[in-house]
Amino acid sequence: GMIAKQMRRLGASVDWNRDVFTMDPALSRTVTEVFVRLYQEGLIYRGKRLVNWDPVLKTALSDLEVASAEEDGSLWHLRYPLSDGSGHLVVATTRPETMFGDAAVAVHPDDKRYQHLVGQKVRLPLTDRELPIIADEYVDPKFGSGCVKITPAHDFNDYEVGQRHGLPLLNIMTLDAALNDAVPPAYRGLDRLPARQKVIADLEALGLIERIEPHKLTVPRGDRSNAVLEPLLTDQWFVDIKPLAAPAIHAVEAGRIRFVPASYANVYFEWMNKIKDWCISRQLWWGHRIPAWYDADGKWYVGRSEAEVRAAHGIAAAAPLRQDDDVLDTWFSSALWPFSTQGWPQHTAALKAYYPTAVLVTGFDIIFFWVARMIMMGLKFTGEVPFRDVYIHGLIRDQDGQKMSKSKGNVIDPMDIVDGISLDALLDKRTTGLMQPQMKPAIEKATRKQFPEGIAPYGTDALRLCFAKLATQSRDLRFDMPRVAEYRNFCNKLWNAARFVLMNVEGHDATPQGAEFSLADRWIRSRLSDTLVRTEAGFTEYRFDNVANALYDFTWHEFCDWYVELAKAVLQSDSAGEAAKRGTRFTLIDTLEQLLRALHPLAPFITEEIWQRVKSLAGVGGQTIMHARYPSAADIPADSSAEPEMRWVMGFILGIRQIKGEMDIPMGRKLPVLVQNASAQDQEYLQRNLHYLTRMAGVEAPTPLRSGEAAPIAAVALLGNLEILVPMAGLIDPTAELDRLAKRHKKAEGDLAKLSAKLHNGQFVRNAPPEVVAKDQQRVAELRTEIAQLTAQTERVKKLIDP
RNA sequence: GCGCGCUUAGCUCAGCGGUAGAGCAUCACCUUGACAUGGUGGGGGUCAGUGGUUCGAUCCCACUAGCGCGCACCA
């Protein structure tokens, strides 16, 4: 329920009518059906096998649920006396307590030290048993003593050796991992660890311990209980997985399923090629029960129901049948999800429509648990892959790169970012119901430090935009609250931009027919077109970070920073005609409306809210933005003349702003400006865009310097060959201006030195593509002009200081 | 042991053969009629190290160092 609520609050647009639960009757029937079919084909079998046993949860686990970690232990070298009394063999072990389950001692067949002993016997200390000495390639002669005790019922490798040599399986443990009645009375009932102490002590007393050395060993623990697992011989159900894995491997090899990023296919192949049979039975009370029934003799029958079993095997109603108490591994039913949810085994319309799906979006941590098994089961039971693309996103970690977990107390509930949470409530949330209550003070301290005032409310859109931005190809994503704030601010920016647009369009004529479109109008459309090219590419490539960036940059740095400001020059001008104002109003509302649709998948709530007020003004119909078409670059041609002219306008404005900024001249202060060296195009651009330049740069109308007229002492901005002069009298500190010039001069000289060295290299000129060489040559020419201008300017300013 | 990933500005991360980018942080200026959750401008990087390929390497290759992950595992 909580997860469903989170999904709704996060604006997931899923079909809630199809909400189902794995243990719903329909899905349970699918589970049973699959089990029965696999059993009938011989792909599910039951048997006494060595499995990973969790002695705390008292259930079998699959290999995937085992988390191994290196821990410190000891390697005990034990003396096993030879039966003929001629001495002893030394075996090395990390598990001395399992000696009661030994069935042999093994040496390598080529090991000269022990070859002569193969076939003889040793006496197992503390017991009255004798063990054969066998030869097996499994033994590494260089490790330990080169002799290994073989305990087939308590070690996976020893099990294999035992199978090869026909050794007996001696189970010495109970389900609690205590020693059972198969061991000498003195050890019975002891847990394995106390038992180990006692065995060591007793062997020591008998002088049967050669030596003990410290040893690092990998200890398998249950991923839920953290208990040390025991390989234990129990009756379990297994899936014979290789016949299912082969087609699943092929489907990915053949490209019928594509992993994104592609490197995850290797992870998949690595596991699938070495896959082992899947233990699917669990000794838990929660889950799908195994559809197998036992008669009084312990013989089992698999079927869809007890009635079917009785009918199929002619078992009288009076004869007792007992259903298997075990349940299935939860991933067994999960593996069927793509088709169990669509009504399989019936050939439903839903199955036809929604299987396979286009994409599975998931985390890398469940590629084996879930993705691989869905592929195997999907292919097996429908003959088709369950999905075409597997998009693997990274795992959100905390600000220190730690995986979020309840026990670490570093979990952040997305709802607490959306709604905000007080420190007290957050502390409460993180410290109640802890498995390890002793962690509470540390968690409290860390939480207080990180969120001294709790978490502010940021809203769903900010969180979603932030996650999109974080969705790079990397597999760990550090969560960073300032990143959410960044997008909260973005939403605020968008909101205010929309206010501006509405304020200027509501109650005015914004129809495009017969309107005049300014340079800025044409330019912003062209930029929108380019932005949509980028969002389309981002969605296609599953690069949602690129989508978020493209929309962020367009909204903030093109639409707000430039276009809205340029639009003011038209809308607030007395000289601009109605047709021009109409063109700008239309472009404002139209661009905003398309931008909202472009942003909607990432920020569903704010875009809907604004769109409802914008749509009619933009002449767009529809009930909800959710059903509006995503805007397409194909509908908006790029404008190849507006872009360069606008770049010139921006260059002009930025040049003057830089002078003002560095000289600490308030932007509001109108400055007189002269231009020099203007080309025909510069003059044309200048004339056409005076209204933009004066407003955005905060200058009076720039006047061209007449030929022959002496330039006043001025700060200079360069735009190609054009020199923009800001007279310094009374405004600019000449020393500061010299610093500024020197800085730019140094940079230009550095660039020039690098480039000319490159161009003097004959190899470069001969081998590099001509356009690269031409570009560098042009750049060198520009730099030379710039340096000449800067040098001349520096001289002029110097004279001012020291005439 | 096998496989994979990472190392770019103080922080979090893009870029990945042809003049180093963003956000945050930082400094200066700005109560400008959408927005101070803001505006304008600035400072800040020998792109982990070494070698190779190339006219040219942050980008490709090899090795080294550090960090991390997965799988397997020597009793």
Side-chain angles (χ1 to χ4, degrees), chain A residues 63-64 68 70 75-76 91-95 98 106 138-140 142-151 155-158 161 215 217-218 220 261 263-264 266-267 269-271 274 364-365 367-368 395 399 401 456 458 462 466 469-470 472-483 485-504 543 545-546 549 552-553 557 560-561 564-565 568 572 654 657-669 698 740 743 750-751 754-755 758 761-769 771-773 775-776 779 783:
Chain A
D63 295 344
L64 284 178
S68 296
E70 194 170 77
L75 190 61
W76 284 275
V91 298
T93 181
T94 56
R95 301 286 314 270
T98 64
Y138 158 71
V139 180
D140 175 0
K142 290 191 286 295
F143 186 88
S145 62
C147 294
V148 190
K149 63 194 259 324
I150 300 298
T151 319
D155 181 280
F156 289 100
N157 286 308
D158 291 6
V161 175
H215 182 69
L217 72 164
T218 316
S263 59
Y264 283 109
N266 294 333
V267 177
F269 289 136
E270 207 202 330
W271 187 67
K274 292 192 296 193
F364 62 81
D365 49 336
I367 290 177
F368 306 141
L395 205 63
Q399 68 290 338
Y458 293 98
C466 175
K469 163 80 187 181
L470 290 174
T472 62
Q473 307 260 20
S474 93
R475 62 183 167 195
D476 294 321
L477 312 175
R478 263 179 217 237
F479 187 75
D480 197 27
M481 206 59 84
R483 267 271 148 83
E486 176 187 338
Y487 281 95
R488 186 263 325 259
N489 295 354
F490 173 80
C491 290
N492 184 58
K493 190 79 177 172
L494 177 69
W495 180 259
N496 283 301
R499 278 181 53 209
F500 172 82
V501 173
L502 289 168
M503 186 185 300
N504 282 283
R543 287 301 303 266
D545 56 327
N546 290 345
N549 280 330
Y552 183 100
D553 288 342
H557 298 306
C560 291
D561 285 355
V564 162
E565 295 307 319
K568 289 176 187 171
Q572 296 169 8
L654 290 171
R657 279 184 184 168
Q658 192 178 38
I659 292 173
K660 284 187 159 183
E662 291 189 35
M663 297 301 146
D664 289 345
I665 301 167
M667 221 39 79
R669 178 147 182 193
R740 196 179 74 89
K743 197 172 72 191
D751 288 355
K754 252 192 290 181
L755 277 175
K758 212 163 139 189
N761 180 347
Q763 300 270 41
F764 169 70
V765 180
R766 263 192 311 274
N767 293 320
E771 61 271 21
V772 171
V773 177
K775 201 176 137 202
D776 283 353
R779 181 74 188 128
L783 284 169

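Both backbone and side-chain heavy atoms feed into the values below; hydrogens, waters and symmetry mates do not. All values derive from a computational prediction rather than experimental measurement. Here is how names work: the chains are called A, B, and so on, in the same order as the sequence lines, proteins then strands, and each is numbered from 1.
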[X] side-chain proximity, nearest of [options]:
X	options	result
A:H215	B:rA75, B:rC55, B:rC13	B:rA75
A:L217	B:rC73, B:rA75, B:rC71	B:rA75
A:S68	B:rA14, B:rC73, B:rG38	B:rC73
A:E270	B:rA75, B:rC55, B:rC2	B:rC2

Base, sugar-phosphate alone, or nothing: which one does [X] contact when heavy atoms must sit under 4.0 Å apart?
X	value
A:D751	base
A:F490	nothing
A:V772	base
A:S263	nothing
A:R669	nothing
A:V139	base
A:D664	sugar-phosphate

Anything under 3.5 Å between a protein N or O and an N or O of nucleotides 58-60 of chain B, put it in a table, one pair a line.
none

Examine [N]: is either OP1 or OP2 under 4.0 Å from a nitrogen or oxygen in the side chain of [X]? Give yes or no.
X	N	value
A:N767	B:rC55	yes
A:S145	B:rA75	no
A:N489	B:rG38	yes
A:H557	B:rG23	yes
A:R483	B:rG23	no

Exercise. Start at the 5' end of RNA chain B and walk down; is the nucleotide closest to A:L477 or to A:D140 reached first?
Worked result: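 The residue closer to the strand's 5' end, by nearest nucleotide, is A:L477.
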Problem set entry | 5' priority, RNA chain B, between A:Q399 and A:N761 [closest heavy atom] |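 Looking at the nearest nucleotide for each, A:Q399 comes out on the 5' side.
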For this session: Is it possible for you to check whether A:K568 lies under 6.0 Å from the centre of the six-membered ring of A:F500, through NZ or CZ, and within 45° of that ring's axis?
Result: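 So A:K568 does make the cation-pi contact.
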Output the rounded distance in Å from [atom1] ([X]) to [atom2] ([N]).
X	N	atom1	atom2	result
A:N546	B:rC16	CG	C1'	13 Å
A:L395	B:rG70	CG	P	10 Å
A:W271	B:rC69	CH2	C1'	17 Å

Suppose you measure atom [atom1] in [N] against the same atom in [M]; what distance do you get, rounded to whole Å?
N	M	atom1	value
B:rG51	B:rA25	C1'	38 Å
B:rG41	B:rU32	C1'	16 Å
B:rU7	B:rA14	C1'	15 Å
B:rU8	B:rG44	C1'	14 Å
B:rG49	B:rG66	P	16 Å

Can you name the atoms? Protein N/O to nucleotides 34-36 of chain B N/O, anything below 3.5 Å, with the distance.
residue : atom : partner : partner atom : Å
B:rA34  : OP1  : A:K568  : NZ           : 2.9
B:rA34  : O2'  : A:N496  : OD1          : 3.2
B:rA34  : O2'  : A:R499  : NH1          : 3.2
B:rA34  : N7   : A:K568  : NZ           : 3.4
B:rA34  : N6   : A:C560  : O            : 3.3
B:rA34  : N6   : A:E565  : OE2          : 3.3
B:rA34  : N3   : A:N496  : O            : 3.2
B:rA34  : N3   : A:A497  : N            : 3.2
B:rC35  : O4'  : A:N496  : OD1          : 3.2
B:rC35  : O4'  : A:N496  : ND2          : 3.4
B:rC35  : O2'  : A:N492  : ND2          : 3.2
B:rC35  : O2'  : A:N496  : ND2          : 3.2
B:rC35  : O2   : A:K493  : NZ           : 2.9
B:rC35  : N3   : A:K493  : NZ           : 3.0

What does the list of N/O pairs under 3.5 Å between the protein and nucleotides 41-45 of chain B look like, with a distance for each?
residue : atom : partner : partner atom : Å
B:rG42  : OP1  : A:Q658  : NE2          : 2.7

Problem set entry | Consecutive-pair stems (at least three Watson-Crick or G-U pairs, under 3.5 Å) that include RNA chain B |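 Stem list for RNA chain B: B:1-7 with B:65-71, B:10-13 with B:21-24, B:26-30 with B:38-42, B:48-52 with B:60-64.
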Exercise. Taking A:D480 for the side chain and A:P482 for the main chain, is one N or O donor matched with an acceptor at less than 3.5 Å?
Worked result: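 The answer is no, because no donor-acceptor pair under 3.5 Å joins these two groups.
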For this session: For A:D545, enumerate each residue passing the salt bridge (Lys or Arg N to Asp or Glu O under 4.0 Å) test, keeping only those at least two apart in sequence or located in another chain.
Result: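 With neighbours one apart ignored, the set is A:R543.
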Problem set entry | A:R95: partners by salt bridge (Lys or Arg N to Asp or Glu O under 4.0 Å), with sequence neighbours left out |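 A:E97, A:E230.
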For this session: Name all residues meeting the ring-ring contact (aromatic ring centres under 6.0 Å, His included) criterion together with A:F479; count only those two or more places apart in sequence or in a different chain, and write none if there are none.
Result: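 So A:F479 forms no ring-ring contact (aromatic ring centres under 6.0 Å, His included) with any residue.
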Problem set entry | With sequence neighbours excluded, residues passing ring-ring contact (aromatic ring centres under 6.0 Å, His included) with A:H215 |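 A:H215: ring-ring contact (aromatic ring centres under 6.0 Å, His included) contacts with A:F143.
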Any protein N or O atoms within reach of nucleotides 66-68 of chain B? Criterion: under 3.5 Å, listing atom names and distances.
residue : atom : partner : partner atom : Å
B:rG68  : N2   : A:R475  : NH2          : 2.2

Could I get the full list of side chain to side chain donor-acceptor pair (under 3.5 Å) partners for [X], not counting sequence neighbours?
X	result
A:D751	A:K747
A:K469	A:N549
A:R478	none

Exercise. What heavy-atom pair brings A:K660 and A:P666 nearest, and what distance separates the two atoms?
Worked result: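 Scanning both residues completely, I find the closest heavy atoms to be NZ-O, 4.1 Å.
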For this session: Return yes if the base of B:rU37 and the side-chain atoms of A:R488 contain a donor-acceptor N/O pair under 3.5 Å, otherwise no.
Result: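 Yes, a donor-acceptor pair under 3.5 Å.
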Problem set entry | Donor-acceptor pair present, A:T472 side chain and B:rC13 base, under 3.5 Å |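 In this structure, the two groups form no donor-acceptor pair.
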Exercise. Have A:H557 and A:D553 got a donor and an acceptor in their side chains that come within less than 3.5 Å?
Worked result: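 No.
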